[in-house]
Every structure is written in C-alpha cells, then in structure tokens.
Trainee: 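A single structure is presented below for examination.
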Number of protein chains: 2
Amino acid sequence: MARSTDTQNGPLDSQAAIERTLSVIGDKWSILVVRAVLRGVRRFDELIDDLGIARPVLAERLKRLVAHDVLAKVPYQEHPARYEYRLTEAGLALSPVLVALVRWSETHLPNVEPTTALVHAPCGTELEQAFWCRTCATTFGPSAIRGVQADAAVGADHPGDHSG
Amino acid sequence: MARSTDTQNGPLDSQAAIERTLSVIGDKWSILVVRAVLRGVRRFDELIDDLGIARPVLAERLKRLVAHDVLAKVPYQEHPARYEYRLTEAGLALSPVLVALVRWSETHLPNVEPTTALVHAPCGTELEQAFWCRTCATTFGPSAIRGVQADAAVGADHPGDHSG
DNA sequence: CAGGATCCAAATGGATACTG
DNA sequence: CAGTATCCATTTGGATCCTG
C-alpha cells in the first residue's frame with residue numbers, strides 16, 4: 001500500500017512501469033505466446049499444439065494481447081473466415097525482454113537437457129506423484145510438476161524447474 | 001505437450017530457457033521483490049510495507065529466491081539474530097530484465113500518472129466494485145483491481161492496469 | 001523484528017463439449 | 001479451424017494470529 005519512494009525514481013526504480021508491463025505480459029503464458037508467434041506459430045490450433053495451453057486460456061490471452069496491441073489479428077483466407085496472429089511493432093519490441101530472460105537463464109541457471117519437457121509433465125502416470133525440488137526445498141504436487149525429465153523425476157539433481 | 005521445434009533453436013527460440021527463468025522469477029511478486037532489494041529495501045518488514053505483499057507470500061518468495069541464488073540472506077546483527085537480503089551476482093544480473101520491462105512500458109504502453117497506486121487499489125470502499133477495462137474489454141472484480149486511480153476508476157480512459 | 005501456521009476467498013487453468 | 005460455454009480441481013494469495 002504505502003510505497004516508500006513514489007517519486008524520485010531512476011530508470012530501475014520505475015515500479016509502476018514494471019507492473020504495467022507485467023500486467024500485459026506478466027502471466028505464465030503471454031510471453032510464451034509472443035515467442036511462439038515470433039517463431040512463426042500463428043494460428044489458434046497451432047498454438048494449442050505448440051504450447052500445450054488450454055483452449056479457453058489461449059483464447060483469452062490472444063484477446064488481451066490483441067487489445068493491448070502486442071498482437072494483431074489478420075485474416076489469411078475468406079471463405080470460412082480465418083485469422084492468424086502477427087506481432088505488432090510493440091510485440092516485436094518485446095524481443096529485448098525475451099533476450100534478457102534467455103540470457104539470464106543461460107548464464108545464471110544450472111543447465112538441464114534441452115530435450116526436457118518444460119511445459120507439461122508427461123501424461124504417464126508414474127510421475128503423477130509429489131515432486132521434491134532440492135533447490136527450493138519444497139514439495140510440489142503432481143499438477144505443479146513442470147520440466148521434469150521423464151526418467152529422472154525424483155531424486156535427480158534438480159532435474160528441472162517448476163512454477164508456482 | 002508436443003512442441004514443434006525442440007531442436008534447432010536460435011537465441012530467441014529457447015523456450016526452455018525462458019521457462020526456466022520464469023520458473024524462478026515468473027510470478028507476480030518475485031521481480032518486484034528483486035527490484036525492491038535493488039532499491040535498498042532489504043528487511044522483511046520493510047519489504048512488507050514497501051510492496052504490500054502478504055506475509056506468508058513474501059516469506060515463501062524470499063526462500064525461493066535465496067534457494068535459487070538470486071538473493072542472499074545475511075545477518076546484520078546478532079543479539080536477536082536478524083537478517084537482511086542482498087542481491088547475489090545472479091540477482092544483480094537480472095537488471096537487464098528489469099530494464100527491458102521498464103523500457104517496453106515507457107515506449108509501448110499508454111502513460112498513466114506516476115502517482116497511480118499500482119499494487120493495491122485504495123482500501124476505501126467506493127472502489128470495491130467491478131472495474132471495466134476498455135483496452136481488454138473485460139470486467140474485473142474488486143480484488144483484481146490494480147493501478148486504479150482513486151478518482152477515475154470507472155469510465156476513465158484506461159486508467160490503469162490490472163493483473164490476471 | 002522475522003517469520004511460521006491456519007484459514008479462507010478468489011482466481012487460474014485444464015478438460016470437455018458445443019458452435020459457426 | 002477457431003473459437004465459446006461450462007464445469008471443476010488446484011493454486012494463489014491475503015488476513016490473522018502465534019512464536020522466538
């Protein structure tokens with residue numbers, strides 16, 4: 001509520017600015033959606049397949065990103081009207097954020113295998129159990145498992161990451 | 001689940017890297033905590049007051065950030081043992097992320113008054129109602145209100161931002 | 001001051017089924 | 001294909017109280 005320095009803010013001190021950015025792309029999926037579009041994944045079901053995001057969630061994210069002028073919804077055929085999503089200038093301008101995120105991961109986070117499935121734990125059942133994160137010293141429930149390698153889920157040396 | 005290109009990833013294509021970074025600082029508070037520490041707010045109750053974060057939430061975030069070597073917990077007095085939190089090298093290395101976030105907000109987001117209260121809506125009751133975001137075309141409940149100017153909550157020209 | 005333990009309301013998100 | 005409408009399990013986070 002009462003923040004100490006609302007005035008006299010330097011470049012790194014713009015809490016409001018950070019929060020406003022996060023209010024647009026600060027959720028778990030938005031940045032990933034932006035990145036997917038940047039990679040060329042532009043259509044709804046492609047994004048569904050590519051990201052493993054739930055349908056209503058993707059729909060809402062796309063709507064928000066379009067509303068905030070990060071993405072543009074452009075038609076690519078007519079007969080059944082079909083649209084795809086493209087980055088706007090503002091969306092493209094998010095690249096530095098992505099780069100910063102990637103660089104930090106590469107320089108300051110322990111490596112994991114690039115084949116690690118990071119969005120969803122495998123649907124198999126042997127991982128449908130609690131997961132102990134050695135780094136966090138926390139136990140995560142099955143649905144919290146993110147980035148767990150299929151064969152090294154429990155007891156491995158910080159096999160992956162988790163959200164939450 | 002099935003992502004298209006797990007291999008042949010360029011620098012911007014490292015979905016895994018992005019997700020791993022987000023798994024550490026991707027929640028609503030962690031980045032704000034880092035930034036507060038960067039500003040010199042280093043002690044538990046200071047952070048509570050400064051951020052308006054709930055006690056158990058801050059405790060958990062600090063623990064995670066320490067575990068992931070973003071913050072260090074260092075004693076600053078002994079008799080009652082007291083600790084404060086400082087940025088590690090890895091934590092300091094998050095500056096580019098903060099800068100990118102701030103820059104994007106400044107160049108691609110509509111301006112709002114810097115006095116806007118962005119973490120919590122005022123505790124007064126006249127704002128304890130639904131909030132219509134013109135940009136998102138979405139209605140947000142009272143607890144979703146973030147960054148609402150006290151006197152221009154409803155009907156203003158996109159008065160602030162919201163999370164969720 | 002620096003947390004830990006509870007409790008509870010709310011939001012998030014996934015699955016699924018339906019529609020133009 | 002591109003969503004929308006429901007429904008429900010889980011998670012999140014805030015408030016409050018307690019402790020060394």
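Just so we're clear, the structure is a prediction, and the values are computed from it rather than from any experiment. Quick note on labels: first sequence line is chain A, next is B, and so on, each numbered from 1.
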Trainee: Could you see if B:Phe44 belongs to whatever hydrophobic cluster contains B:Val33? Use Ile, Leu, Val, Met, Phe, Trp, Tyr and a side-chain cutoff under 4.5 Å.
Mentor: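 Result: yes, single cluster for both.
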Trainee: Please report the distance, rounded to the nearest Å, between CG in A:Asp49 and C1' in C:dA15.
Mentor: 15 Å
Trainee: From C-beta outward on B:Ala59, which listed nucleotide comes closest to its side chain: C:dG4, D:dG13, D:dG3?
Mentor: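 Of C:dG4, D:dG13, D:dG3, C:dG4 is nearest to the side chain of B:Ala59.
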Trainee: Starting at atom NZ of B:Lys28, determine the distance to atom P of C:dG13, rounded to an integer number of angstrom.
Mentor: 12 Å
Trainee: As a test of understanding, state which of A:Val34, A:Leu51, A:Leu65, A:Leu58 forms a side chain to side chain contact (heavy atoms under 4.5 Å, CB included) with A:Trp29.
Mentor: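 Of A:Val34, A:Leu51, A:Leu65, A:Leu58, side chain to side chain contact (heavy atoms under 4.5 Å, CB included) with A:Trp29 is met by A:Leu51 alone.
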Trainee: From the set C:dG14, C:dG20, D:dG3, return the single nucleotide nearest to any side-chain atom of A:Phe44.
Mentor: D:dG3
Trainee: Side chains of A:Leu38 and A:Leu94, heavy atoms from C-beta outward: is any pair under 4.5 Å?
Mentor: no
Trainee: When the distance from CG of B:Asp45 to C1' of D:dT16 is rounded to whole Å, what number comes out?
Mentor: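 One finds 15 Å between C1' of D:dT16 and CG of B:Asp45, rounded.
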Trainee: Could you tell me whether a side-chain N or O of A:Ser105 sits under 3.5 Å from a main-chain N or O of B:Arg20, the two making a donor and an acceptor?
Mentor: no
Trainee: Ring of B:Tyr76, cation from B:Arg43 - is the NZ or CZ under 6.0 Å from the centre and inside 45° of the axis?
Mentor: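 Because its charged atom sits under 6.0 Å from the ring centre and within 45° of the axis, B:Arg43 does stack over B:Tyr76.
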Trainee: Consider the side chain of A:Trp29, meaning its heavy atoms from C-beta on, and name the nucleotide among C:dG13, D:dA2, D:dG13 that approaches it most closely.
Mentor: C:dG13
Trainee: Can you check whether B:Lys73 has a side-chain N or O nearer than 4.0 Å to OP1 or OP2 of C:dA2?
Mentor: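 So the side chain of B:Lys73 is outside the cut-off, no N or O lying under 4.0 Å from OP1 or OP2 of C:dA2.
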Trainee: Roughly what angle, to 10°, lies between the helix axis at the start of the helix from C:dC1-D:dG20 to C:dG20-D:dC1 and the one at its end, five pairs per end?
Mentor: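 For the helix from C:dC1-D:dG20 to C:dG20-D:dC1, the axes at opposite ends meet at about 40°.
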Trainee: Starting from P on C:dG4, measure out to CD on B:Glu60 and report it in whole angstrom.
Mentor: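 Between P of C:dG4 and CD of B:Glu60: 11 Å.
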Trainee: Between A:Leu47 (CG) and D:dG3 (C1'), how many Å, whole number?
Mentor: 13 Å
Trainee: Measure from CD1 on B:Ile53 to P on C:dA2 and round the result to the nearest Å.
Mentor: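 In whole Å, C:dA2 P lies 15 Å from B:Ile53 CD1.
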Trainee: Taking the minimum atom-to-atom distance to the side chain of B:Arg61, which one of D:dT12, D:dC1, C:dC1 wins?
Mentor: D:dT12
Trainee: If you define the side chain from C-beta out and look only at heavy atoms, does anything of A:Leu32 sit under 4.5 Å from A:Ile53?
Mentor: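 Answer no - side chains too far apart.
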Trainee: Could you go through the salt bridge (Lys or Arg N to Asp or Glu O under 4.0 Å) check for A:Glu84 and A:Arg86 one step at a time?
Mentor: CA-CA 7 Å; A:Glu84 63 182 20; A:Arg86 301 227 186 123; 2.8 Å; yes
Trainee: Take atom CG of A:Leu58 and atom C1' of C:dT12, then tell me their distance rounded to the nearest Å.
Mentor: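 In whole Å, C:dT12 C1' and A:Leu58 CG are 15 Å from each other.
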Trainee: With respect to the phosphate group of C:dC1, does any side-chain polar atom (N or O) of B:Tyr85 fall under 4.0 Å of OP1 or OP2?
Mentor: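 Checking C:dC1 against B:Tyr85, no side-chain N or O comes under 4.0 Å of OP1 or OP2.
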Trainee: Do the side chain of B:Gln15 and the main chain of B:Ile18 share a donor and acceptor less than 3.5 angstrom apart?
Mentor: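 No, the answer is negative, given that no donor and acceptor are paired below the 3.5 Å cut-off.
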Trainee: For B:Thr88, which residues count as a side-chain contact (heavy atoms from CB on, under 4.5 Å) partner, sequence neighbours excluded?
Mentor: B:Asp69, B:Ala72, B:Ala90
Trainee: Is A:Lys63 close enough to D:dG3 that one of its side-chain N or O atoms is under 4.0 Å from OP1 or OP2 there?
Mentor: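 No, A:Lys63 has no side-chain N/O under 4.0 Å of OP1/OP2 on D:dG3.
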Trainee: Pairs under 3.5 angstrom, nitrogen or oxygen only, protein versus nucleotides 5-8 of chain D, please.
Mentor:
none

Trainee: If you check every side-chain atom of A:Arg82, which of D:dA2, D:dG20, D:dG13 has the closest atom?
Mentor: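 Among D:dA2, D:dG20, D:dG13, the one nearest the side chain of A:Arg82 is D:dA2.
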Trainee: Which is more 5' along DNA chain C, the nucleotide nearest B:Arg43 or the one nearest A:Val57? Just name the residue.
Mentor: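 Whichever sits nearer the 5' end wins; that is B:Arg43.
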Trainee: Round to a whole Å and report the spacing from CG of A:Asp27 to P of C:dA10.
Mentor: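 To the nearest whole Å, that distance equals 22 Å.
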Trainee: Is any side-chain heavy atom of A:Leu22 closer than 4.5 Å to one of B:Lys28?
Mentor: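 No, side chains not in contact.
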